[in-house]
Amino acid sequence: MDFFTHPQGLCESNTVGSGTRIWAFAHVLPKARIGAECNICDHVFVENDVVIGDRVTVKCGVQIWDGVQLEDDVFVGPNVTFTNDIFPRSKQYPEAFGRTLVQSGASLGANSTILPGITIGRNAMVGAGAVVTRSVPPNAIVMGNPARITGYVDAAEHAPASIEASGPRSPGATATSVSGVTVHTLRAVPDMRGNLSVGEFERDIPFKPLRYFLVFDVPTAETRGEHAHRRCHQFLIAVKGEVSVVADDGAKREEFKLDNPSVGIYLPPMTWGIQYRYSADAVLLVFASDYYDGADYIRDHAEFLRLKAGDGEARV
């Protein structure tokens, strides 16, 4: 066998990839499947119905129960707790254990707890001690009990294009690091009787909309968006309160804070958009270039990346 098991380790499985190391007091049951170049540290237990991909690190004190799958390049920190039965009773077993999937590149911080039946998205980061009760989107950073999204990996909050309510600015559009995404300062007219902000379609806003919608009364912990459009253009304005917007072109990701009704963000087709960190009074206005069409939505980030790699859909 071309994998290593420490003399005080017990590996009963023959389905272990090349270069994997299983250290002292670890126990791998016979039907478990472990990929290549993994590091299974001391005092790890791996049950039968477990699949572990390549280059996975499992630190000390972790038990991986039936129904758990770890894809390639996952990091599991010390004493992470997986579960597979939402209502456990002694000597009473469900017909099927909950399936838990940790997608490629995700990291689980020390002492975090992962409830059954959820997915930790690609490249997500779970903070130390977090209790994850719901699925985590790709690239999200979650912390707390219950875990909440606090940020996104590689989405700089303080990039030059981030939006600050720092007083009057000249109208115009500013490019960002995300392909095609622009930040627009609209004309503002202050007046003692009340302020006014105005934008003209196909001039200040780079398309003529066929639809608008408002998002409001969003609980602070919730996340909206999390999709891309194949053909539809969008323009976002926080007409009240503040909202954080993440824009992702498949290669670059940037985060913006909308907190001024005279500032908007243009999201072209084939841009992955996320809105979160809504203030309690936030009202987000979105102009869309097309009528609603469910087929225009891309709701899976992995599919979005595949389409981007293949040059996506024809753009309008």
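Here the structure is a predicted model, which is why all the values come from computation and not from measurement.
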Q: Could you identify which residues cluster with M125, counting Ile, Leu, Val, Met, Phe, Trp and Tyr as linked when any side-chain heavy atoms lie under 4.5 Å apart, either directly or through a chain of such contacts?
A: I141, M143, V153
Q: For D296 and C232, work out which heavy atoms get closest and say how close.
A: OD2-CB, 3.2 Å
Q: Find out if a path of hydrophobic residues (ILVMFWY) with successive side-chain heavy-atom gaps under 4.5 Å connects L29 to V46.
A: yes
Q. Hey, any chance V44 and L108 share a hydrophobic cluster, counting ILVMFWY side chains that come within less than 4.5 Å of each other, even indirectly?
A. yes
Q.
Testing the basics here: between S112 and G127, what is the closest heavy-atom pair and its distance to 0.1 Å?
A. CB-O, 3.9 Å
Q: With rounding to the nearest 0.5 Å, note down the distance linking CD in E226 to CD1 in I298.
A: 14.5 Å
Q: Drop me the distance from T223's OG1 to R148's CZ, to the nearest 0.5 angstrom.
A: 9.5 Å
Q. Can you list the steps and then say if Y278 with V215 is a side-chain contact (heavy atoms from CB on, under 4.5 Å)?
A. CA-CA 10 Å; Y278 284 80; V215 182; 3.7 Å; yes
Q) For the side chain of N79 and the backbone of N111, is there at least one donor-acceptor N/O pair under 3.5 Å apart? A) no
**Q.** Donor-acceptor contact below 3.5 Å, side chain Q63 vs main chain G61
**A.** yes
(Q) According to side chain to side chain donor-acceptor pair (under 3.5 Å), who are the partners of N14, at least two apart in sequence or on a separate chain? (A) none
Q. Is any side-chain N of the basic residue among D73 and R122 closer than 4.0 Å to the acidic one's carboxylate O?
A. no
Q. Of the non-hydrogen atoms in V178 and A247, which two are nearest, and what is the gap between them?
A. CG2-O, 3.5 Å
Q) Shortest non-hydrogen contact from I52 to C38? A) CG2-SG, 4.1 Å
Q) What class does the angle between the rings of F304 and H301 fall in, given that below 30° is parallel, 30 to 60° is tilted and above 60° is perpendicular? A) tilted
**Q.** Evaluation steps, side-chain contact (heavy atoms from CB on, under 4.5 Å), between Q69 and E71
**A.** CA-CA 6 Å; Q69 179 178 351; E71 292 187 345; 4.2 Å; yes
(Q) Could you see if F75 belongs to whatever hydrophobic cluster contains I34? Use Ile, Leu, Val, Met, Phe, Trp, Tyr and a side-chain cutoff under 4.5 Å. (A) no
(Q) Surrounding CZ of F213 (heavy atoms of other residues, nucleotides or ligands, distance under 6.0 Å), is the total greater than 12? (A) yes
**Q.** Beyond-backbone contact of C11 with F3, side-chain heavy atoms, under 4.5 angstrom
**A.** yes
**Q.** Cluster check V132, Y276: I/L/V/M/F/W/Y, side chain < 4.5 angstrom
**A.** yes
(Q) Any side-chain to backbone donor/acceptor pair from D66 onto E47? Under 3.5 Å, distance only. (A) no
Q) How about S289 and L210: do any of their side-chain heavy atoms sit closer than 4.5 Å? A) no
Q. NZ/K252 to OG/S177 distance, rounded to the nearest 0.5 angstrom?
A. 5.5 Å
Q) Do the ring planes of F207 and Y266 sit parallel (below 30°), tilted (30 to 60°) or perpendicular (above 60°)? A) tilted
Q) Can you find a pair of side-chain heavy atoms, one from C41 and one from V58, that are under 4.5 Å apart? A) no
Q: Check V56 against G53 and note the closest heavy-atom contact, atom names and distance.
A: CG2-O, 3.6 Å
Q) Okay, side chain of S135, backbone of T119: is any donor-acceptor separation there less than 3.5 Å? A) yes
Q) More than 12 heavy atoms of other residues, nucleotides or ligands under 6.0 Å from CZ of R134: is that the case? A) no
Q | Whether over 12 other heavy atoms sit under 6.0 Å from R224 CZ | A | no
Q: For L186 and I237, run side-chain contact (heavy atoms from CB on, under 4.5 Å): C-alpha distance rounded to whole Å, both residues' side-chain angles, the deciding distance at 0.1 Å, then the answer.
A: CA-CA 10 Å; L186 306 173; I237 303 171; 3.9 Å; yes
Q. Could you give the distance from NE2 (H6) to CZ (F4), rounded to the nearest 0.5 Å?
A. 5.5 Å
Q: For this output row, return yes or no: ring centroids of Y292 and Y297 closer than 6.0 angstrom.
A: yes
Q: Would you indicate whether the side-chain heavy atoms of H233 and F235 approach each other to under 4.5 Å?
A: no
Q | Donor-acceptor pair, side chain of N84 and main chain of V68, under 3.5 angstrom | A | no
Q: For the residue pair L115 and V131, establish whether any side-chain heavy-atom pair is separated by less than 4.5 Å.
A: yes
Q.
I'd like to know if the side chain of R230 and the backbone of A295 have a donor-acceptor N/O pair within less than 3.5 Å.
A. yes
Q: Answer whether the closest heavy-atom distance between the side chains of L267 and V181 falls below 4.5 Å.
A: yes
Q: Could you grab the distance from atom CZ of R277 to atom CD of E242, nearest 0.5 Å is fine?
A: 9.5 Å
Q.
Evaluate V245 against L258 for side-chain contact (heavy atoms from CB on, under 4.5 Å), listing each step before the verdict.
A. CA-CA 7 Å; V245 177; L258 288 173; 3.8 Å; yes
Q) Looking at NE2 of H43 and CD of Q8, how far apart are the two atoms once the value is rounded to the nearest 0.5 Å? A) 10.5 Å
Q. If only atom types and distance count, is the side chain of H184 paired as donor or acceptor with the main-chain N or O of I205 below 3.5 Å?
A. no
(Q) Closer than 3.5 angstrom, by distance alone: can the side chain of R211 be matched with the main-chain N or O of D290 as a donor-acceptor pair? (A) yes
Q: Indicate yes or no for a side-chain donor-acceptor contact from T15 to the backbone of A32 under 3.5 Å, with no hydrogens or angles considered.
A: no
Q) What residues form a ring-ring contact (aromatic ring centres under 6.0 Å, His included) with F287, not counting sequence neighbours? A) F201
**Q.** Contact check, side chains of F82 and V62, non-hydrogen atoms, under 4.5 Å
**A.** yes
Q. Got W272 and V246 here, is their nearest side-chain heavy-atom distance under 4.5 Å?
A. no
Q: Considering non-hydrogen atoms only, spot the tightest contact between S197 and P261 and give its length.
A: OG-O, 3.4 Å
Q. What about V74 and V51, same hydrophobic cluster or not, with Ile/Leu/Val/Met/Phe/Trp/Tyr joined at side-chain heavy-atom distances under 4.5 Å?
A. no
Q.
Can a donor-acceptor pair be found, under 3.5 Å and without considering hydrogens, that links the side chain of E37 to the backbone of R55?
A. no
